[in-house]
Amino acid sequence: METRDNRLPLPYMTIAILTVLVVMYLIETVMGGSTRAAVLMKLGAMNNLAVASHHQFWRLFTAQFLHIGWLHLASNAVMIYYLGQYLEPIIGSWRFLGIYLLSGVGGNLLGFAAGNDYSIAAGASTALFGLLGAVITLYVRNRNVDFMAQLGKMSIALAVINLGLDLFIKDIDILGHIGGLVTGFFLCILIGNKDLQNFKPKMRVIALVILILYTVWSLRSGMVIKY
C-alpha cells in the first residue's frame with residue numbers, strides 16, 4: 001500500500017516573523033509595558049507628528065513589530081500563522097516576507113496620509129491585511145484551482161468582516177488595514193508566485209505604477225499636519 005504525505009510544508013518564514021513579534025513584545029514588557037505610550041514611541045510606534053515634524057520615517061516600518069497588549073499580539077499571531085501556512089509555500093518564503101513587510105509599510109502610509117496626527121499606532125495587522133490582499137490576488141488569477149478558490153473566498157470574507165467590525169470598535173486603525181490590504185493585493189500582482197499562474201507583464205507594470213503613485217501621494221499628504 002502506498003501512502004502520500006499531505007501535510008503542508010513548515011512555513012519557516014512565518015515562524016520567524018512570529019518569533020520576532022514575540023521577542024519585541026517581551027522587550028516592550030521589560031521596558032515598562034506594551035500599553036505605555038512612552039515605551040511604544042521609544043521602540044518605533046507610528047505617530048504622524050513624529051514622522052512629519054521630525055522626519056522619523058522609519059516608524060512606517062517599525063510600528064508593525066509592536067503590539068498594544070497581549071490580546072492584540074495573540075489575535076494577529078493566530079491569523080498570520082493561519083494565512084502563512086498556506087500562502088508561504090505557494091509564493092515562496094522570500095516573496096512572502098517581502099509582501100508582509102511592505103504591506104506593513106503600505107498600511108501605515110495610508111494612516112500617515114489620512115489618519116489622526118496625534119494618535120499612536122502599532123501592530124502587525126497592516127501586514128496581516130497585506131497577506132489577505134495577496135491571497136485575494138491569487139484567487140482572482142487562479143479561480144479554477146479548487147484550493148485557491150476556497151482560500152480566496154475565505155480571505156475575502158475575513159477582510160470584509162474585519163473591516164466591518166473596525167467601523168464599530170474604538171481605537172482601531174481601519175486606514176492601516178485598508179492600506180495594507182491594497183498594498184498586498186498589488187504587490188502580489190507585481191512580484192508573482194512560484195506555483196500558480198501569474199499576471200501578464202502589462203498588469204505588473206500597472207501594479208508598479210499604482211504602488212508608486214500611492215506611496216508618493218501618501219507621503220505628500222502625510223507631511224501636511226492637520227491641527
Side-chain angles (χ1 to χ4, degrees), residues 4-22 24 61 63-65 67 72-110 123-163 165-166 173 176-200 203-204 207-208 210-211 214:
R4 184 167 63 91
D5 189 353
N6 290 319
R7 291 177 300 177
L8 292 167
L10 196 63
Y12 293 103
M13 194 63 75
T14 302
I15 293 172
I17 289 170
L18 295 176
T19 301
V20 172
L21 296 182
V22 171
M24 288 305 303
F61 178 78
Q64 65 185 299
F65 299 105
H67 287 87
H72 188 204
L73 170 63
S75 60
N76 281 338
V78 168
M79 284 300 300
I80 290 169
Y81 184 77
Y82 174 76
L83 290 172
Q85 67 177 330
Y86 296 105
L87 183 59
E88 183 179 337
I90 294 172
I91 66 176
S93 295
W94 292 107
R95 288 187 182 93
F96 179 84
L97 179 63
I99 288 175
Y100 179 90
L101 295 176
L102 292 176
S103 294
V105 175
N108 288 326
L109 276 172
L110 188 56
S125 54
T126 51
L128 167 59
F129 268 82
L131 299 182
L132 288 171
V135 173
I136 293 170
T137 297
L138 296 176
Y139 165 64
V140 169
R141 187 67 181 90
N142 299 274
R143 288 190 296 272
N144 59 318
V145 180
D146 289 341
F147 82 90
M148 200 63 251
Q150 295 174 11
L151 188 61
K153 291 175 182 177
M154 186 178 299
S155 295
I156 291 173
L158 286 172
V160 171
I161 291 171
N162 279 279
L163 289 175
L165 291 174
D166 287 349
D173 183 17
H177 294 174
I178 294 172
L181 183 72
V182 171
T183 301
F185 181 87
F186 286 108
L187 278 173
C188 195
I189 293 176
L190 177 63
I191 69 176
N193 66 87
K194 68 184 184 69
D195 286 338
L196 297 171
Q197 293 188 65
N198 288 307
F199 284 86
K200 295 180 180 180
M203 285 300 301
R204 291 186 171 190
L208 176 61
I210 290 173
L211 288 169
Y214 169 69

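Values below: all heavy atoms of this structure, side chains included; hydrogens, waters and symmetry mates excluded. Residue numbers run from 1 in the order of the sequence given.
Side chain of Arg143 to main chain of Val140: a donor-acceptor pair is present (N/O by atom type, distance under 3.5 Å, no hydrogens or angles). In this structure, Asn142 contributes its side chain and Val145 its backbone to no donor-acceptor pair below 3.5 Å. In terms of modelled atom types and a separation under 3.5 Å, the side chain of Tyr81 and the main chain of Pro11 share no donor-acceptor contact. Between the Asn198 side chain and the Asn193 main chain, a donor and an acceptor come within less than 3.5 Å of each other. Side chain of Tyr86 to backbone of Phe147: no donor-acceptor contact under 3.5 angstrom is found.
His177 and Asn162 form no side-chain donor-acceptor contact under 3.5 Å, judged by distance and modelled atom types alone.
Listed here is the closest heavy atom pair of Cys188 and Ala134: SG-O, 3.6 Å. Of all heavy-atom pairs spanning Thr137 and Phe185, the tightest one is OG1-O, 2.7 Å. Counting all heavy atoms, side chain and backbone alike, Met13 lies closest to Glu88 at N-OE2, 3.0 Å. Closest approach of Ser103 to Ile99, counting heavy atoms only: OG-O, 2.7 Å. Counting all heavy atoms, side chain and backbone alike, Ile136 lies closest to Ser155 at CG1-CB, 4.2 Å. The heavy-atom pair separating Leu110 from Gly179 by the smallest distance is CD2-N, 3.6 Å.
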Worked check of side-chain contact (heavy atoms from CB on, under 4.5 Å) between Tyr139 and Ile156: CA-CA 10 Å; Tyr139 165 64; Ile156 291 173; 3.7 Å; yes

Stepwise side-chain contact (heavy atoms from CB on, under 4.5 Å) test for Gln64 and Leu21: CA-CA 9 Å; Gln64 65 185 299; Leu21 296 182; over 6 Å; no

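The structure places OG of Ser75 at 9.0 Å from CD1 of Ile80, a figure rounded to the nearest 0.5 Å. Note that CG of Leu83 is 10.0 Å distant from CE of Met154, once rounded to the nearest 0.5 Å. Rounding to the nearest 0.5 Å gives a distance of 6.0 Å between CG of Leu151 and CD1 of Ile90. Separating the CE atom in Met203 from the CD1 atom in Ile210 is a distance of 7.0 Å, to the nearest 0.5 Å. Atom-to-atom distance recorded for Leu190:CG and Leu102:CG is 9.5 Å, nearest 0.5 angstrom. The CD1 atom of Ile189 sits 10.5 Å away from the CZ atom of Arg141 when rounded to the nearest 0.5 Å.
Contact check for Val105 versus Leu101: no side-chain heavy atoms found under the 4.5 Å cut-off. Taking the side chain as every heavy atom from C-beta outward, Ile191 and Arg204 never approach each other to under 4.5 Å. Between Thr14 and Gln85 there is no side-chain heavy-atom pair separated by less than 4.5 Å. The side-chain heavy atoms of Leu109 and Thr183, taken from C-beta on, include no pair separated by under 4.5 Å.
When the shell of 6.0 Å around NZ of Lys200 is examined, it contains 12 or fewer heavy atoms from other residues, nucleotides or ligands.
Note: Tyr100 and Phe96 have parallel aromatic rings, judged against thresholds of 30 and 60 degrees for the angle between ring planes.
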